[in-house]
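Here's the structure we're looking at; comments come further down.
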Amino acid sequence: MHIIKITDIDLPELSVFSKLTEAQLRNKIEPKKGIFIAESPKVISLALDAGCVPVSFLMEEKHITGDASQIISRCGDIPVYTAERGILQKLTGYTLTRGVLCAMQRPSPLSAAEICKNARRIAVLDGIVDSTNIGAIFRSAAALGMDAVLLTQQCCDPLVRRAVRVSMGTVFQIPWAYILSETVGLLEFLQQIGFKTVAMALTEKSVRIDDPALISEARLAIILGTEGDGLGQNVIKNADYTVRIPMYHGVDSLNVAAASAVAFWELRAR
């Protein structure tokens, strides 16, 4: 182990944990140099299982021989920066949830068409920007039968620290990709790769989520829209199905993360 006791919180090597913004970590100019932060031994372990390459650790001293000992042993001679909790909180600006952070290289992006080649059910996130919602949707998608997740360019990055943490590491367990096509729209792309499209929206013409026609479809793309406005009218108008979750007690809608869990379970492949 290459253990480094922190005495200077302004060390340049610590900037990935303290000073760089999520956009700077992602490094849009040179994506191959991008970094993301995984938090907690469980999440870091799942990232390692998925082939992510660790760069450095930041953790409380007690975790070196405790909760983090197994993941450290998997990572070779990378730096393990350590200090007491109070110093780490001063460095990062927040209390470490599980006392362990790992800076990791961003994996190479996957092809949307490739990860959907053999999929029967996919989640499509259109303009969802809240990192907590992204993390929760990924956790539901992985747990409730989705084969892949696609995101439009406007969506929050699934590898921001909060999204990774809320997902409990499922961002490393289910394949995902951005839809990069510049020549066709969202629905056209999904139809080209062989999916019937399901727009989750409350409209007068929408069908109930338990409509038998939905389950009978061989391949479904379940499209979820932004937190405030939902899906755009073009998507709602031209999707193969517009689907609603029945509501009770005068409630008009669910949070997008909650709605995703209901939709994924009800529309899963049988």
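What you see below is based on every heavy atom in this structure, not just the backbone, and it leaves out hydrogens, waters and symmetry mates. Residues: numbered from 1 along the sequence shown.
Residues Ala201 and Ile236 share a closest heavy-atom pair of CB-CD1, 3.8 Å. Nearest heavy atom pair, residue Ser260 against residue Leu224, reads CB-CD1, 3.7 Å. Taking all atoms of both residues into account, the shortest heavy-atom contact from Ala112 to Phe189 is CB-CZ, 3.8 Å. In terms of heavy-atom proximity, Glu39 sits nearest to Val43 at O-CB, 3.3 Å. Closest approach of Cys156 and Val129 over heavy atoms only: CB-O, 3.3 Å. Nearest heavy-atom pair across Leu110 and Ala177 is O-CB, 3.3 Å.
One hydrophobic cluster holds both Val198 and Ile128 under the rule that ILVMFWY side chains link at heavy-atom gaps under 4.5 Å. Placement of Ile122 and Ile115 within a single hydrophobic cluster is found when ILVMFWY residues are connected by side-chain heavy-atom separations under 4.5 Å, directly or transitively. Linking Ile, Leu, Val, Met, Phe, Trp and Tyr whenever their side-chain heavy atoms come within less than 4.5 Å puts Ile174 and Tyr178 in one cluster. Leu254 and Leu125 fall within the same hydrophobic cluster, defined by Ile, Leu, Val, Met, Phe, Trp and Tyr side-chain heavy atoms under 4.5 Å apart, directly or through other members. Both Leu144 and Trp176 are assigned to one and the same hydrophobic cluster, defined by single-linkage of ILVMFWY side chains at heavy-atom distances under 4.5 Å.
With a 4.5 Å cut-off on side-chain heavy atoms, Leu220 and Glu217 count as touching. Within the 4.5 Å cutoff, the side chain of Met59 has no heavy atoms near those of the Leu101 side chain. When side chains are defined from C-beta on, Asp240 counts as touching Gln191, because their heavy atoms get closer than 4.5 Å. With contacts defined as side-chain heavy-atom distances shorter than 4.5 Å, the pair Ile215/Pro212 does not qualify. Within the 4.5 Å cutoff, no side-chain heavy atoms of Cys52 are placed close to those of Leu46. At least one side-chain heavy atom of Thr197 sits under 4.5 Å from a side-chain heavy atom of Ile223. A heavy-atom distance below 4.5 Å is found between the side chains of Phe36 and Pro107. Counting heavy atoms from C-beta outward, Glu13 and Tyr81 have side chains that approach closer than 4.5 Å.
Taken to the nearest 0.5 Å, the CD1 atom of Ile35 stands 7.5 Å off from the OG atom of Ser56. Atoms CE and CZ, from Met168 and Phe138 in turn, are 16.0 Å apart once rounded to the nearest 0.5 Å. Here CG of Leu190 is found 10.5 Å from CZ of Arg219. Values are rounded to the nearest 0.5 Å. The distance from the NE2 atom of His63 to the CD atom of Glu61 is 11.0 Å, given to the nearest 0.5 Å. Ile134 contributes atom CD1, which lies 8.0 Å from atom CG of Asp130 (distance to the nearest 0.5 angstrom). Distance CG/Leu267 to CE/Met146: 7.0 Å, rounded to 0.5 Å.
Residue Ile179 is tested with Ile193, Asp126, Leu151, Leu150 for a side-chain contact (heavy atoms from CB on, under 4.5 Å); the sole match is Leu150.
A donor-acceptor pair is defined here as one N or O able to donate and one able to accept, closer than 3.5 Å; no such pair exists between the side chain of Thr226 and the backbone of Gly127. A donor-acceptor contact shorter than 3.5 Å is absent between the side chain of Glu114 and the backbone of Ser111. With Ser206 contributing its side chain and Thr242 its backbone, the two residues share no donor-acceptor pair below 3.5 Å. Between the side chain of Ser45 and the backbone N or O of Lys42 there is no donor-acceptor pair closer than 3.5 Å. Of the possible donor and acceptor atoms, none in the side chain of Arg121 sits under 3.5 Å from a partner among the backbone N and O of Ala148.
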- Task: Give the intermediate values and the outcome of side-chain contact (heavy atoms from CB on, under 4.5 Å) for residues Phe264 and Ile137.
- Result: CA-CA 10 Å; Phe264 297 159; Ile137 292 170; 4.1 Å; yes
- Task: Could you walk me through whether Asp147 and Arg268 pass the salt bridge (Lys or Arg N to Asp or Glu O under 4.0 Å) test, one step at a time?
- Result: CA-CA 10 Å; Asp147 299 310; Arg268 71 194 186 282; over 6 Å; no
- Task: List the steps, then state whether side-chain contact (heavy atoms from CB on, under 4.5 Å) holds for Asn133 with Asn255.
- Result: CA-CA 9 Å; Asn133 283 335; Asn255 164 273; 3.4 Å; yes
- Message: Using side-chain contact (heavy atoms from CB on, under 4.5 Å), reason through Val55 and Met104 one step at a time and then give a plain yes or no.
- Response: CA-CA 5 Å; Val55 175; Met104 311 187 91; 5.6 Å; no
- Item | Residue pair Ser40, Val100: steps toward the side-chain contact (heavy atoms from CB on, under 4.5 Å) verdict | CA-CA 5 Å; Ser40 86; Val100 181; over 6 Å; no
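By the 6.0 Å contact criterion, CG on Asp77 is enclosed, its count of non-hydrogen atoms from other residues, nucleotides or ligands being greater than 12. In the displayed structure, Gln70 atom CD is contacted under 6.0 Å by at most 12 heavy atoms of other residues, nucleotides or ligands.
Salt-bridge annotation for Arg74 and Asp49: present, with a side-chain N of the basic residue lying under 4.0 Å from a carboxylate O of the acidic one. The pair Asp211-Arg244 does not meet the salt-bridge criterion, since no charged nitrogen lies less than 4.0 angstrom from a carboxylate oxygen.
Separation of the Tyr241 and Phe195 ring centroids does not fall under the 6.0 Å cut-off.
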